[in-house]
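Reading through the structure tokens given below for one structure.
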Amino acid sequence: MIEILITENQIKRAKKLYSFNNLNNSITKGKSEIYGAIGEIVTLDFYNRESLNASYVGSFDYDLRIFDKRVDVKTKKVNNAPELNHNATIPAANTKQKTDIYLFVYVLSDFTKAFLVGWLPKDLFFETATLKRKGEFDGNTFFQYRADTYSTTLDKLYAVK
């Protein structure tokens with residue numbers, strides 16, 4: 001897992017990415033879209049710092065292109081640093097996205113840090129994940145799913161390098 005300090009410049013750039021008028025199928029009705037944008041910017045900057053030729057795409061199907069791979073960044077707003085028994089999730093409404101890789105990012109609610117927690121190829125994610133139904137509680141916490149969601153734990157992800 002890679003911990004990154006979020007800069008003011010990254011927050012400013014993230015705010016320019018979207019109008020924040022509620023993306024389609026937003027579980028939080030748009031309240032957390034800024035976190036998703038920050039996750040995309042932080043990931044883009046990380047891979048470009050590593051000279052891995054990342055570019056921003058921003059389509060419904062995927063957010064970034066890294067070399068020849070289509071990467072969809074899935075960001076979760078959190079209050080604490082992630083642990084390996086926490087979840088990586090994809091809403092069931094998003095299973096048709098034309099992406100090669102899901103990359104999971106956690107962003108602290110105070111915008112101070114982001115954690116690039118791991119990634120999986122799309123097909124392997126769905127082989128690994130379990131479908132959780134709306135209203136079902138997560139086995140590790142008191143979290144209740146707000147929509148049908150595919151979920152796996154962070155320890156099943158490949159490390160970000």
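Given the structure is predicted, the values throughout are model-derived calculations rather than measurements.
Pairing each heavy atom of A14 with each of A37, the nearest pair is O-CB, 3.5 Å. Of all heavy-atom pairs between A54 and Y47, the closest is CB-CB, 3.8 Å. Between K132 and S151, the shortest heavy-atom contact is CG-CB, 4.1 Å. The heavy-atom pair separating Q144 from G135 by the smallest distance is NE2-O, 2.8 Å.
In this structure, L108 and N79 have side chains that are not in contact, with every pair of non-hydrogen atoms separated by 4.5 Å or more. Between Q10 and D45, the closest side-chain pair of non-hydrogen atoms falls below 4.5 Å. Annotation: side chain of F46 is in contact with side chain of V160 (closest heavy-atom distance under 4.5 Å). Residues T128 and Y150 form no side-chain contact, since every pair of their non-hydrogen atoms from C-beta on lies 4.5 Å or further apart. K77 is not listed as a side-chain neighbour of V107, based on a closest heavy-atom distance of 4.5 Å or more. In this structure, Y145 and K134 have side chains that are not in contact, with every pair of non-hydrogen atoms separated by 4.5 Å or more. Contact of the I11 side chain with the I38 side chain is registered, since non-hydrogen atoms from C-beta on lie closer than 4.5 Å. Between L154 and E83, the closest side-chain pair of non-hydrogen atoms is not below 4.5 Å.
Evaluation of the salt bridge (Lys or Arg N to Asp or Glu O under 4.0 Å) rule for E3 yields K113 as partners, not counting sequence neighbours. With sequence neighbours excluded, no residue forms a salt bridge (Lys or Arg N to Asp or Glu O under 4.0 Å) with D155. With sequence neighbours excluded, the residues that form a salt bridge (Lys or Arg N to Asp or Glu O under 4.0 Å) with R133 are D148.
Taking the charged nitrogens against the carboxylate oxygens, K74 and D72 do have a contact shorter than 4.0 Å, which makes a salt bridge.
F67 and W119 fall within a single hydrophobic cluster, where Ile, Leu, Val, Met, Phe, Trp and Tyr side chains are chained together by heavy-atom contacts under 4.5 Å. No continuous path of hydrophobic side-chain contacts links V57 to L44 [ILVMFWY only; heavy atoms under 4.5 Å].
Once rounded to the nearest 0.5 Å, the distance linking CZ of R70 with NZ of K122 reads 8.0 Å. Here the OH-CG distance, from Y56 to L64, works out to 8.0 Å after rounding to the nearest 0.5 Å. Note: N80 CG to Y106 OH = 11.0 Å, rounded to the nearest 0.5 Å. Note: L124 CG to F126 CZ = 11.0 Å, rounded to the nearest 0.5 Å. Between Y62 atom OH and D100 atom CG the span is 8.5 Å, to the nearest 0.5 Å. Considering OG1 of T130 and CD of E136, their distance stands at 9.0 Å, rounded to 0.5 Å.
With K76 as the partner, the side chain to side chain contact (heavy atoms under 4.5 Å, CB included) test is satisfied by one option alone out of N87, V105, V117: N87.
Of the possible donor and acceptor atoms, none in the side chain of D63 sits under 3.5 Å from a partner among the backbone N and O of E40.
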Side chain to side chain contact (heavy atoms under 4.5 Å, CB included), that's the test. Do F104 and I90 meet it? Break it down for me.
CA-CA 10 Å; F104 297 91; I90 304 290; 3.9 Å; yes

Applying side chain to side chain contact (heavy atoms under 4.5 Å, CB included) to L120 and L157, what does each step give before you reach the verdict?
CA-CA 6 Å; L120 280 176; L157 304 179; 3.6 Å; yes

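In summary, the side chains of D110 and T112 do present a donor paired with an acceptor at a separation below 3.5 Å, with no hydrogens or angles considered.
In this structure, Y35 has its ring center under 6.0 Å from that of F111.
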